[in-house]
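Data first, discussion second: the structure below is written as structure tokens.
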Amino acid sequence: MPKKLITIYQTLKKAYGSQHWWPAESPFEVVVGAILTQNTSWTNVERVISRLKEKNLLSAKRMSKFPVKALARCLRPAGYFNVKTRRLKNFLIFLTEEYGGNLKHLFTEPLAVLRQKLLDVNGIGPETADSIILYAAGKPIFVVDGYTRRAFSKLGLLKASASYHETQSYFMNNLPLNVKLFNEFHALIVEHAKRFCKTRPICGPCPLRSGCVYGRMHHTRTGSS
DNA sequence: GGCCAGGACACCA
DNA sequence: TGGTGTCATGGC
């Protein structure tokens, strides 16, 4: 079974090449992007990241001092802007109070401690926490998202009902504990999903031959208004 | 005009 | 423990 995962990884890597994730210039930018991209397309997140750069706000200390209302206006293009403003502020308050606003200090925590501390911040769930740990802190943890669960249950390697933790354990128990590998693998799964999602089904032959209809997220619903 | 996007949480039974 | 409503913009 371990060999199977490595084979899938190699297939995706050969098909799409290195993904060079996370697309950010600093660890703090990764944290911001991880929160902003919750249930949101990356192109919408990029608009906000650009705005924040223009305003020189991609620093924990400067963003902490920035007025909430003005920050919310900046976040508009990423959607759920009120929620995400609150979540960013929650993280900043946590970082300031416990680590003097210094990400490096936070990232010196052991992985398990770091993960629990992040999960204790309201608005940071498993995927966001793990993205921060892997892509900002550079520690080995496998990031699971909706694509991962759909793709690997479609391939028959996971139950459709597999939880976040079960999915993560499957990867981490069957792969070497390697930051670079985890980095690329998750990025490749996302890249694969972007090419073969329901709304954009045509992008050449599917390298995994999995049928490649990911379907929609089970919990995603558009407003009923 | 409807569907979807690199989730998380509150609330309910 | 598991299901459902809510949050919201922008591309296609």
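Naming: A, B, ... by sequence-line order, numbering from 1 per chain.
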Gap in Å between the two C1' atoms, one belonging to dA5(B) and one to dG3(C), rounded: 22 Å

Between C1' of dG11(C) and NZ of K194(A), the distance in whole Å: 13 Å

Separation of atom CG in D120(A) from atom C1' in dA8(B), rounded to whole Å: 14 Å

Under 3.5 Å donor-acceptor, N90(A) side chain and V121(A) backbone: no

Minimum-distance nucleotide (side-chain atoms of S41(A) versus dG7(B), dG6(B), dC7(C)): dG6(B)

Whole-angstrom distance between dC12(C) and dG6(B), as gauged at atom P: 13 Å

Out of dT9(C), dG6(B), dA8(B), whichever nucleotide has its closest atom nearest the side chain of N44(A): dT9(C)

Of the listed nucleotides dA5(B), dC7(C), dT9(C), the one nearest the side chain of F81(A): dT9(C)

Face-to-face stacking of W21(A) with dG6(B), centres under 5.5 angstrom, angle under 30°: yes

Salt bridge flag under 4.0 Å for residues R115(A) and E109(A): no

Length of the line joining N82(A):CG and dA8(B):P, which is rounded to integer Å: 19 Å

P spacing across the pair dG10(C) / dA8(B), given as an integer number of angstrom: 22 Å

Separation of dG5(C) P from Y80(A) OH (nearest whole Å): 14 Å

N44(A) and S41(A), any side-chain heavy atoms less than 4.5 Å apart: yes

Value rounded to 0.5 Å, distance of CD in E29(A) from CG in L58(A): 5.0 Å

Donor-acceptor pair under 3.5 Å, N39(A) side chain vs dG7(B) base: yes

Under-4.0 Å side-chain N/O to phosphate OP1/OP2 contact, T40(A) with dA8(C): no

P77(A) side-chain proximity, nearest of dG6(B), dG7(B), dG10(C): dG10(C)

dA8(C) phosphate, OP1 or OP2, under 4.0 Å from R47(A) side-chain N/O: no

Qualifying residues under ring-ring contact (aromatic ring centres under 6.0 Å, His included), relative to Y135(A), sequence neighbours excluded: W21(A), W22(A)

Ring centre gap for F152(A) and F171(A) strictly below 6.0 Å: yes

Nucleotide dC4(B), atom C1' - distance to CD of Q38(A) in whole Å: 17 Å

Shortest side-chain distance from R87(A), nucleotide among dG6(B), dA8(B), dT9(C): dA8(B)

CZ on F185(A) to CG on N178(A), rounded to 0.5 Å: 12.5 Å

Dump the pairs, protein N or O against N or O of nucleotides 10-13 of chain B, anything under 3.5 Å, distances to one decimal.
| residue | atom | partner | partner atom | Å |
| --- | --- | --- | --- | --- |
| dA10(B) | OP1 | N122(A) | ND2 | 2.9 |

